[in-house]
Amino acid sequence: MATGTEPAPADARPPGAGVHSPARAAIAAPHLRTDRWWLAPALTAAGLLAFIAYSTWRAFAGADYYAAPYVSPFYSPCLAENCAPMRSGPNWELFGGWWGLSPALLILVFPLGFRLTCYYYRKAYYRGFWASPPACAVAEPHKRYTGETRFPLILQNVHRYFFYAALLVAGVLTYDTVLAFRDEHYAWGHMGLGTLVFLVNIALIWAYTLSCHSCRHIVGGKLKHFSRHPVRYRLWQWAGKLNARHMQLAWASLVSVALADFYVYLVASGAFDDPTLF
């Protein structure tokens with residue numbers, strides 16, 4: 001009985017390897033999907049390109065990133081001497097006066113490295129930019145698949161180390177959020193619209209960071225008997241619940257960190273006055 005997988009004539013089989021190799025089903029069509037499967041990877045690529053363009057502009061600007069008491073998350077902590085002076089702010093002049101570029105370039109490598117090697121973001125840009133594969137049940141155009149075993153993709157294995165750096169950065173941004181409960185004269189007990197922006201942003205940053213697969217593995221990945229470690233088991237469960245929303249948290253925190261930076265830019269450039277709530 002015909003099954004539809006008999007070897008096709010030599011002139012009917014598309015050339016190449018991968019899904020078109022002689023060992024695979026003899027289906028001449030590149031895929032059998034009839035829905036708009038291309039929409040998701042296209043939107044993903046557009047969203048990531050928009051963030052790349054915006055963050056590149058702001059990272060190289062080197063200006064309008066501090067308006068007391070707010071500091072842009074793209075520039076915190078500020079590690080160069082050419083940083084804007086921030087009273088009680090994250091000014092750690094680890095790099096001397098020889099650094100003449102934007103101070104954001106010294107710190108953004110850590111949160112961006114964490115996101116670049118994130119398990120979800122790998123799926124996002126593999127599909128959106130490399131079409132590897134572009135969607136489920138759609139053949140990728142590459143002839144060979146080597147996974148993440150060769151340079152440069154083998155560097156994805158450093159994700160667990162970027163996780164530790166991301167924890168430190170999230171801690172600094174938490175400190176910045178606490179400082180946001182001051183007014184422009186550094187008096188405590190005040191709250192502006194920017195404070196709410198920072199609160200939402202740091203909540204999403206922590207949720208995304210703690211929903212990381214590496215975090216879940218660190219908490220309980222090597223345990224053989226959860227019953228002997230009830231605290232770690234409970235933490236592992238919480239991390240698992242967050243991990244189920246890792247994709248949504250990845251996008252929400254990406255948007256929130258950009259909005260927090262843009263808010264500081266508007267206030268620092270004089271285009272917008274931060275409304276005082278109390």
Side-chain angles (χ1 to χ4, degrees), residues 40-41 43-45 47-52 54-55 59 72-77 90 104 106-130 132 147-149 152-178 197-224 226 229-261:
L43 291 176
T44 297
L48 292 177
L49 282 173
F51 180 81
I52 291 172
Y54 174 80
S55 60
S72 164
F74 285 5
Y75 287 80
S76 183
L106 295 172
I107 191 62
L108 278 180
V109 62
F110 299 107
L112 290 181
F114 177 61
R115 289 181 182 268
L116 187 66
T117 58
C118 166
Y119 289 109
Y120 165 69
Y121 280 115
R122 295 186 206 182
K123 169 190 172 182
Y125 61 75
Y126 283 177
R127 289 188 172 187
F129 294 107
W130 293 349
S132 181
E148 297 174 342
T149 61
L153 296 185
I154 196 173
L155 297 179
Q156 302 281 26
N157 294 322
V158 302
H159 177 62
R160 70 191 69 177
Y161 303 108
F162 275 117
F163 169 74
Y164 298 128
L167 287 178
L168 295 176
V169 172
V172 174
L173 297 184
T174 303
Y175 175 72
D176 295 340
T177 303
V178 173
V197 173
F198 273 50
L199 284 171
V200 172
N201 178 58
I202 195 57
L204 291 174
I205 289 291
W206 274 115
Y208 166 66
T209 303
L210 297 180
S211 70
C212 171
H213 296 74
S214 293
C215 176
R216 190 167 182 261
H217 176 74
I218 291 170
V219 171
K222 293 184 177 181
L223 295 180
K224 295 183 179 180
F226 280 124
H229 305 274
V231 175
R232 292 184 62 183
Y233 177 55
R234 182 60 61 86
L235 293 176
W236 180 80
Q237 287 182 311
W238 289 344
K241 292 180 180 179
L242 284 175
N243 183 258
R245 300 288 184 267
H246 195 50
M247 179 186 73
Q248 294 88 338
L249 293 172
W251 280 105
S253 60
L254 193 73
V255 172
S256 71
V257 73
L259 288 178
D261 170 82

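Residue numbers run from 1 in the order of the sequence given.
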Exercise for the section: Provide the closest heavy-atom pair for Ser211 versus Asn243 in the form atom of the first, atom of the second, distance. Expected result: O-ND2, 2.9 Å
Problem - Those residues that, when tested against Phe51, pass ring pair (Phe, Tyr, Trp, His ring centres under 6.0 Å) (two or more places apart) - result: none
Practice task
Please collect all salt bridge (charged side-chain N to carboxylate O under 4.0 Å, His left out) contacts where either partner lies in residues 114-124, sequence neighbours excluded, each pair once.
Solution key: Arg122-Glu148
Practice task
Report the residues that fulfil salt bridge (Lys or Arg N to Asp or Glu O under 4.0 Å) with Asp176, sequence neighbours left out, ordered by chain and then residue number.
Solution key: none
Fill in the blank from the handout: Residues at least two apart in sequence or cross-chain that pass ring pair (Phe, Tyr, Trp, His ring centres under 6.0 Å) with Tyr208, listed by chain then number, are Phe114, His246
Exercise for the section: Assess whether atom CZ of Phe226 is packed by more than 12 heavy atoms of other residues, nucleotides or ligands within 6.0 Å. Expected result: yes
Exercise for the section: Supply the atom-to-atom distance Leu167 CG to Phe162 CZ, rounded to the nearest 0.5 angstrom. Expected result: 13.5 Å
Problem - Side-chain (Asp261) to main-chain (Pro73) donor-acceptor, under 3.5 angstrom - result: no
Problem - Euclidean distance, Ser214 OG relative to Tyr164 OH, rounded to 0.5 Å - result: 8.0 Å
Fill in the blank from the handout: Correct closest heavy-atom pair for Phe198 and Thr177 would be O-OG1, 3.7 Å
Practice task
Answer yes or no: is there a side-chain heavy-atom contact under 4.5 Å between Ser76 and Ile107?
Solution key: no
Completion exercise
Heavy-atom closest pair (Leu108 atom, Ala59 atom, distance to 0.1 Å) is CD1-CB, 3.6 Å
Exercise for the section: For Tyr121 and Ala250, indicate whether the former's side chain and the latter's backbone hold a donor-acceptor pair under 3.5 Å. Expected result: yes
Fill in the blank from the handout: Nearest heavy-atom approach of Tyr75 to Ala104 is CE2-CB, 3.4 Å
Practice task
Could you list the residues that satisfy side-chain hydrogen bond (donor to acceptor under 3.5 Å, both in side chains) with Thr117, not counting sequence neighbours?
Solution key: His159
Problem - Whether Thr209 side chain and Trp206 backbone form a donor-acceptor pair below 3.5 Å - result: no
Problem - From Leu259 atom CG to Asn201 atom CG, the distance as rounded to the nearest 0.5 Å - result: 8.5 Å
Problem - Smallest separation among heavy atoms of His229 and Leu223, with atom names - result: CD2-CD2, 3.6 Å
Completion exercise
Ala260 and Val197 have their tightest heavy-atom pair at CA-CG1, 3.8 Å
Exercise for the section: Indicate yes or no for a side-chain donor-acceptor contact from Tyr125 to the backbone of Leu116 under 3.5 Å, with no hydrogens or angles considered. Expected result: yes
Problem - Side chain to side chain, Leu48 and Phe129, heavy atoms closer than 4.5 Å - result: yes
Problem - Side chain to side chain, Phe74 and Leu112, heavy atoms closer than 4.5 Å - result: no
Completion exercise
So CG of Leu210 and CD1 of Ile205: to nearest 0.5 Å the spacing works out to 11.0 Å
Completion exercise
To the nearest 0.5 Å, atom CD1 of Ile218 lies from atom CZ of Arg232 at 10.0 Å
Handout entry: Where at least one partner belongs to residues 198-213, residue pairs that pass salt bridge (charged side-chain N to carboxylate O under 4.0 Å, His left out), sequence neighbours excluded
Key = none
